[in-house]
Amino acid sequence: METHSLSAVELAECIRKRSVSALEAVESVLKRIEQLDAQVRAFVTVDADGARAQARALDEKRARGEALGLLGGVPVAVKDNICTRGLPTTCSSKILQNFVPPFDATVVERLRAAGAVILGKTNLDEFAMGSSTENSGLFVTRNPWALDRAPGGSSGGSAAAVSARMASLALGSDTGGSIRQPASFCGIVGVKPTYGRVSRYGLVAFASSLDQIGPLARDVPDAALLLRVLCGHDPQDSTSADRAVPDFLRDLDGPIRGLRLGLPREFFGEGLSREVEDAVRQAIETLRSAGAETLEISLAHSEYAVATYYLVATAEASSNLARYDGVHYGYRSAEAGDLYRLYAATRREGFGAEVKRRIMLGTYALSSGYYDAYYLKASRVRTLIRRDFEKAFQEVDVVVCPTAPTPPFKLGEKVDNPLEMYLSDIYTISLNLAGLPGLSLPCGFSSEGLPLGMQMLGRAWDESTLLRVAQAYQRRTDFHRREPKVSLL
Ligand code: GLN
């Protein structure tokens, strides 16, 4: 049976009611991967045998009359910077190409406990540094809507897999937009939870004060379901919050009448493509017709967000990536006259250009004599950015804006211009600096048929309201129901 076109909520329900088996569900997506992934290239590793074995075990469990869990039998793809026991976890980097973790990340444990089937690992920009998946040290992923376009990044493989129906759901990570921007480019829903909501244990660290794992899904209910499974306190991550997790799925269908939506002036200005702006404004009208009120707000310091991010994130990255030295695990250079040469040659050969650029920038920003001028100053601006949001959320319940300034760009178009690439995250980065939750959802198509996304930003711990507004929108529109044909435009 072809189950790949069912949503995760529908599929879990079919499996629970025994009209579909977990094995059938896995076979359906494996076939899809076989048909499409030679072109899309979303997956770094497809664990076909492992997925079948997990599905059989679930079917046996079901036959014994046991409950399977919220995601019982649903095939899920995992971004390849999230550790999976016994399955390679490469971060799409040569330096970790042969790394097989001896443990599961907490989110992967939670998926397994909820009965999900781990299908495989998806491509990303090396160590999640990028916005197009072109910085992958392995290969480039293509956008299923148009194979000559970028799927976005860094969770481009996960977004492409869900969009092309090669997985029901996927995990991404978002440090500066890496869940929301690829969700927007691939026409799906992506949620970046509040910092501390989801455990980072087993997520290979890029910038620890910004990183957060979250769901990529076809629609809002699917995202709510996966988010529910991922959230919860984890003693293994000292930044994980001990807070009650709402039943996101149950709370979804409430009214939005009277909710106040803020439109940040700074996010509708220069650099925003006309098509994206029109689609987002149209979507805002739809929300107004559902009873929401809108008002203009200001996030005055957002013009400094990209600069601030590229100091904070690179400083943390330079420290986090110091551990790849060729000694404990991962790639080791054959050129090892002495310890220093081993470190230097391993890192020179193992890291790609963008990762090296970030390590150098971060090391510089932290070095004595420059620390106050760069890192400290960036930390202060970060506080100002957070305060802008605090002020805004005194007046409004949700902030609505574009996810990315343009429709999906062409592969190759920005790779040689890092600054231009960095600017594609101009609307997503402030949220990470403030530690708040955000979501991207499809809100239209460009004249060329490319997906466009809108973003909703919320108060800390208030993912529920974001999902409710997003669901109110999806109940009135059908952009999220369209499937890519997977071909060249
Ligand atoms: N594109 C941004 C960067 O290159 C954000 C990446 C991310 O969120 N992981 O750093």
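In listed order, ligands and their atoms are each counted from 1. All residue numbers in this chain count up from 1 along the given sequence.
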Q. Which one holds for Ala128 and ligand 1: side chain close, backbone close, both close, or neither close, with close meaning a heavy atom under 4.0 Å?
A. both

Q: Could you check which of Met421, Arg358, Glu354 puts a non-hydrogen atom nearest to atom 4 (O) of ligand 1?
A: Arg358

Q) Short N/O distance, under 3.5 Å, between Met129 and ligand 1? A) no

Q. Are side-chain N/O atoms of Thr239 and Arg200 paired as donor and acceptor at under 3.5 Å?
A. yes

Q. If you measure only the distance, is there a donor-acceptor pair under 3.5 Å linking the side chains of His480 and Asp219?
A. no

Q. Just heavy atoms, cut-off under 4.0 Å: does Gln212 contact ligand 1 by side chain, backbone, both, or neither?
A. neither

Q. Does an N or O from Gly153, backbone or side chain, lie closer than 3.5 Å to an N or O of ligand 1?
A. no

Q: For residues Tyr324 and Phe127, establish whether the separation of their ring centroids is below 6.0 Å.
A: yes

Q) Relative to the heavy atoms of Gly130, which atoms of ligand 1 are at a distance of less than 4.0 Å? A) 1 (N), 2 (C), 3 (C), 4 (O), 6 (C)

Q. So is there a nitrogen or oxygen of Asp174 less than 3.5 Å from a nitrogen or oxygen in ligand 1?
A. no

Q | Atoms in ligand 1 flagged as close to Gly176, the criterion being non-hydrogen separation under 4.0 Å | A | 5 (C), 7 (C), 8 (O)

**Q.** Expected output: side-chain Arg85 to main-chain Asp104 donor-acceptor under 3.5 Å
**A.** no

Q | Atom indices of ligand 1, in the order listed, that fall short of 4.0 Å to a heavy atom of Ser154 | A | 9 (N)

**Q.** Heavy-atom nearest neighbour in the protein, as seen from atom 7 (C) of ligand 1, with distance rounded to 0.1 Å
**A.** Ser178 OG, 2.4 Å

Q. When you measure from the centre of the six-membered ring of Phe185, is the NZ or CZ of Arg180 under 6.0 Å away and within 45° of the axis?
A. no

Q) Polar-atom distance check: Tyr309 versus ligand 1, any N or O pair below 3.5 Å? A) yes

Q. Which is it for Tyr310 and ligand 1 at heavy atoms under 4.0 Å: side chain, backbone, both or neither?
A. side chain

**Q.** Shortest non-hydrogen contact between Glu126 and Gly352, atoms and distance
**A.** OE1-N, 3.0 Å

Q: Quick one: look at Asp425 and ligand 1, take heavy-atom pairs under 4.0 Å, and tell me if it's side chain, backbone, both or neither.
A: side chain

Q) Do Arg228's NZ or CZ and the ring of Phe248 fall within the cation-pi criteria of under 6.0 Å and 45°? A) no

Q: Using distance alone, determine whether Phe206 and ligand 1 share an N or O pair under 3.5 Å.
A: no

Q | Charged tip of Lys94 within 45° of Phe351 ring normal and under 6.0 Å | A | no

